[in-house]
Amino acid sequence: GNSVTQMEGPVTLSEEAFLTINCTYTATGYPSLFWYVQYPGEGLQLLLKATKADDKGSNKGFEATYRKETTSFHLEKGSVQVSDSAVYFCALIHSGGSNYKLTFGKGTLLTVNP
Amino acid sequence: GAGVSQSPSNKVTEKGKDVELRCDPISGHTALYWYRQSLGQGLEFLIYFQGNSAPDKSGLPSDRFSAERTGGSVSTLTIQRTQQEDSAVYLCASSPKGLYRETQYFGPGTRLLVL
């Protein structure tokens with residue numbers, strides 16, 4: 001079946017540090033890949049997505065590249081801010097049947113200290 | 001414009017009672033989804049609606065769970081005879097047409113606690 005594995009948290013960084021959150025996936029066909037973010041007390045928001053191999057999604061200084069050869073979609077940001085503190089979820093939708101169902105990783109809690 | 005709204009935001013109930021959770025999707029979105037977020041299981045898909053019909057109910061964990069959607073808009077998730085393991089955050093999402101690769105827009109969730 002389809003699955004997403006992301007690095008265990010929590011991750012604690014100082015402001016302006018470099019961020020990487022690893023995400024790998026198992027899926028048949030050619031899934032679309034997503035990063036969602038959940039800020040404290042808020043709902044899930046799409047951060048970025050990529051729909052085919054070698055695509056790079058980017059938003060708010062965050063980037064992730066769809067790597068089919070390594071089945072990965074790692075999230076990076078060059079300089080984090082306190083306001084980036086949130087839970088980050090990697091997710092996929094696969095290209096076969098049920099191609100509307102998001103499969104999520106377990107989430108990574110990021111805390112950024114001033 | 002308005003996003004996905006859910007009510008109530010919090011619900012505390014006693015074991016064995018029935019609860020109804022409501023979702024109001026983004027206007028014009030034909031696809032609607034329910035997910036559940038719990039500590040043990042993470043985020044899980046429950047059910048998908050296209051218009052008023054539910055072609056995929058595969059994620060509903062038991063026959064105590066049911067959902068309906070009326071007028072192609074508001075959806076209600078009903079849990080009968082609640083159990084403590086039903087305690088979770090129930091998330092609703094919608095998307096324009098339910099097409100592959102569409103972004104799903106999530107509501108703030110309903111936090112359910114079963115005592």
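Source: prediction; values computed, not measured. Quick note on labels: first sequence line is chain A, next is B, and so on, each numbered from 1.
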Joint hydrophobic cluster, B/Leu46 plus B/Val89, side-chain heavy atoms closer than 4.5 Å
no

Look at the side-chain heavy atoms of Ile, Leu, Val, Met, Phe, Trp and Tyr, link any pair under 4.5 Å apart, and say whether B/Trp34 and B/Phe65 land in one connected group.
yes

Hydrophobic cluster membership, with links at side-chain heavy-atom distances under 4.5 Å among I/L/V/M/F/W/Y: are B/Val4 and A/Leu44 in one?
no

Could you give the distance from CD (A/Gln38) to CG (B/Leu91), rounded to the nearest 0.5 Å?
7.0 Å

Under 4.5 Å from a heavy atom of chain B, the part of A/Lys101 involved:
both

Any link between B/Val19 and B/Val114 through a network of hydrophobic side chains (Ile, Leu, Val, Met, Phe, Trp, Tyr) touching at under 4.5 Å?
yes

Bottom line for B/Tyr105: the part with an atom under 4.5 Å from chain A's heavy atoms is neither

Decide if atom NZ of B/Lys17 counts as having more than 12 heavy atoms of other residues, nucleotides or ligands within a radius under 6.0 Å.
no

Student check: side-chain heavy atoms of A/Phe104 and B/Phe45 closer than 4.5 Å:
no

Just wondering, do B/Gln104 and A/Tyr36 contact through their side chains at under 4.5 Å, heavy atoms?
yes

In terms of hydrophobic clusters joined by side-chain contacts under 4.5 Å, are A/Tyr66 and A/Leu92 together?
yes

Under a 4.5 Å cutoff for heavy-atom pairs, which residue among A/Thr51, A/Leu46, A/Leu102 has the most contacts with chain B?
A/Leu102

Go through the atoms of B/Glu102 and report whether side chain, backbone, both or neither lie under 4.5 Å from a heavy atom of chain A.
backbone

Chain A contact via B/Ser58 - which portion, at a heavy-atom distance below 4.5 Å
side chain

Could you check if a side-chain atom of A/Thr103 sits within less than 4.5 angstrom of a side-chain atom of B/Leu43, using non-hydrogen atoms only?
no

Under a 4.5 Å cut-off applied to non-hydrogen side-chain atoms, are B/Phe106 and A/Glu42 in contact?
no

